[in-house]
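Take a look at the structure below.
Lettering follows sequence order; numbering is per chain, from 1. Fair warning: this is a prediction, and the values are worked out from it, not measured in the lab.
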Number of protein chains: 2
Amino acid sequence: MSNSKLYKGSLNTIILKLLNEHDRMYGYEITQKVKAITKGELNITEGALYPALHKLEAEGLLDAEVVKADNRLRKYYKLTDTGSKETVNKLQELADYIKTMQTLINPNLV
Amino acid sequence: MSNSKLYKGSLNTIILKLLNEHDRMYGYEITQKVKAITKGELNITEGALYPALHKLEAEGLLDAEVVKADNRLRKYYKLTDTGSKETVNKLQELADYIKTMQTLINPNLV
DNA sequence: GCTTATGCATAGGAAAATTATGTATATTTG
DNA sequence: CAAATATACATAATTTTCCTATGCATAAGC
């Protein structure tokens, strides 16, 4: 995913957030979007992304639809209703985690 | 018992940062300090902490010293020179991670 | 005396990445 | 025009990192 191990555990949140903004996306598109937004800082590996998408689909948070474009197959994913609700939870969890870590590394500010 | 789970990769950063502030600490003390600072939000489990301490010691980032206090054994850890340098790196990585994630989840602010 | 707190340790297992492959088509470049 | 790169999805094997459960031992509180 990147040189820092800290990103472990954040992949699902990233996927859900992107799908919350963009209605529907396919896997490769997600990797490119993340790379663009983070200016190359974060590169999602395929070995991490595809299993994560399959799991989210199996859990009922995503729906998938295969579409043919430019003679190539794309598997588009979109949030289910459950997925939308879970996105809110994940984002709150991330915000809480960041807050906790900032408390720990910068106790003077508390 | 433990409320919000640790995000993978953050435990080492927490340990190094605490030892950077407090000169020397023992394992149990670290769990209590984290609990106190985060107001119970984050509870480091022993099954995570002790192996992490052993690994940091094996990597040469920490030195350990066993001390008898109140008829009980405490294993105090402190940063080595290498450990101090690595602390700076880990904190920078954490700052970068937070910045990147905020960019991803809050693109309007960019 | 029983429970909780203090203190360290490890075994077993789960979760979530990485690395390494595999398949296939399209486009760019030397 | 052949080779490299980009697009697109997928999985197997392994590693990292954490949690749960368990074990041992002493001290303090009720």
Q | Partners meeting side chain to side chain donor-acceptor pair (under 3.5 Å) with B/Thr100 (sequence neighbours left out) | A | A/Tyr7

Q. Rounded to whole angstrom units, what separation is found between the CG atom of B/Leu49 and the P atom of D/dA21?
A. 19 Å

Q: May I have the distance from A/Lys33 (atom NZ) to D/dA8 (atom C1'), rounded to whole angstrom?
A: 17 Å

Report all interatomic pairs (protein N or O, nucleotide N or O of nucleotides 6-8 of chain C) with separations under 3.5 Å.
{"from": "C/dT6", "atom 1": "OP2", "to": "B/Tyr28", "atom 2": "OH", "distance (Å)": "2.1"}
{"from": "C/dT6", "atom 1": "O5'", "to": "B/Tyr28", "atom 2": "OH", "distance (Å)": "2.8"}
{"from": "C/dT6", "atom 1": "O2", "to": "B/Arg72", "atom 2": "NH1", "distance (Å)": "3.3"}
{"from": "C/dG7", "atom 1": "OP1", "to": "B/Arg74", "atom 2": "NE", "distance (Å)": "2.9"}
{"from": "C/dG7", "atom 1": "OP1", "to": "B/Arg74", "atom 2": "NH2", "distance (Å)": "2.8"}
{"from": "C/dG7", "atom 1": "OP2", "to": "B/Tyr26", "atom 2": "OH", "distance (Å)": "2.8"}
{"from": "C/dC8", "atom 1": "OP1", "to": "B/Lys75", "atom 2": "N", "distance (Å)": "2.8"}
{"from": "C/dC8", "atom 1": "OP2", "to": "B/Gly27", "atom 2": "N", "distance (Å)": "3.3"}
{"from": "C/dC8", "atom 1": "OP2", "to": "B/Tyr28", "atom 2": "N", "distance (Å)": "2.6"}
{"from": "C/dC8", "atom 1": "OP2", "to": "B/Tyr50", "atom 2": "OH", "distance (Å)": "3.0"}
{"from": "C/dC8", "atom 1": "N4", "to": "B/Glu46", "atom 2": "OE2", "distance (Å)": "3.1"}

Q) To the nearest angstrom, how far is B/Leu56 atom CG from D/dT16 atom P? A) 14 Å

Q. Does OP1 or OP2 of D/dT17 have a side-chain N or O of B/Asn12 closer than 4.0 Å?
A. no

Q | Side chain of B/Leu11 - closest among D/dC18, C/dT10, C/dA15 | A | D/dC18

Q.
Classify B/Ser10 by what it touches in the nucleic acid, base, sugar-phosphate, or nothing, heavy-atom distance under 4.0 Å.
A. sugar-phosphate

Q) Tell me the ring pair (Phe, Tyr, Trp, His ring centres under 6.0 Å) pairs involving residues 62-93 of chain A, sequence neighbours left out? A) A/Tyr26-A/Tyr76

Q | Partners meeting side chain to side chain contact (heavy atoms under 4.5 Å, CB included) with A/Lys35 (sequence neighbours left out) | A | A/Gln32, A/Asn43

Q: Using only side-chain N and O atoms of B/Lys55, determine if any of them is under 4.0 Å from OP1 or OP2 of D/dT17.
A: yes

Q: Using atom OH of A/Tyr7 as one end and atom P of C/dA15 as the other, report the distance to the nearest whole Å.
A: 25 Å

Q: To the nearest Å, give me how far apart CD1 (B/Ile15) and C1' (D/dC18) are.
A: 12 Å

(Q) Evaluate B/Glu29 against B/Arg74 for side chain to side chain contact (heavy atoms under 4.5 Å, CB included), listing each step before the verdict. (A) CA-CA 10 Å; B/Glu29 188 184 9; B/Arg74 288 175 179 170; over 6 Å; no

Q. Do you see a donor-acceptor pair shorter than 3.5 Å between the side chains of A/Asp96 and A/Gln92?
A. yes

Scan the side chains in residues 46-72 of chain A for donor-acceptor partners under 3.5 Å anywhere in the protein, sequence neighbours excluded, and list what turns up.
{"from": "A/His54", "atom 1": "ND1", "to": "A/Tyr50", "atom 2": "O", "distance (Å)": "3.3"}

Q: Figure out the CG/P separation between A/Leu53 and D/dA8, and round it to whole Å.
A: 15 Å

Q) Can a side chain N or O of B/Asn71 be found less than 4.0 Å away from OP1 or OP2 on D/dT26? A) no

Q) Looking at the side chain of B/Lys8, which of D/dT17, D/dA27, D/dT11 is the nearest nucleotide? A) D/dT17

Q) What's the CD1-P distance between A/Ile44 and D/dA8, to the nearest Å? A) 17 Å

Q.
Does anything in residues 76-91 of chain B form a salt bridge (charged side-chain N to carboxylate O under 4.0 Å, His left out)? List the pairs, not counting sequence neighbours.
A. none

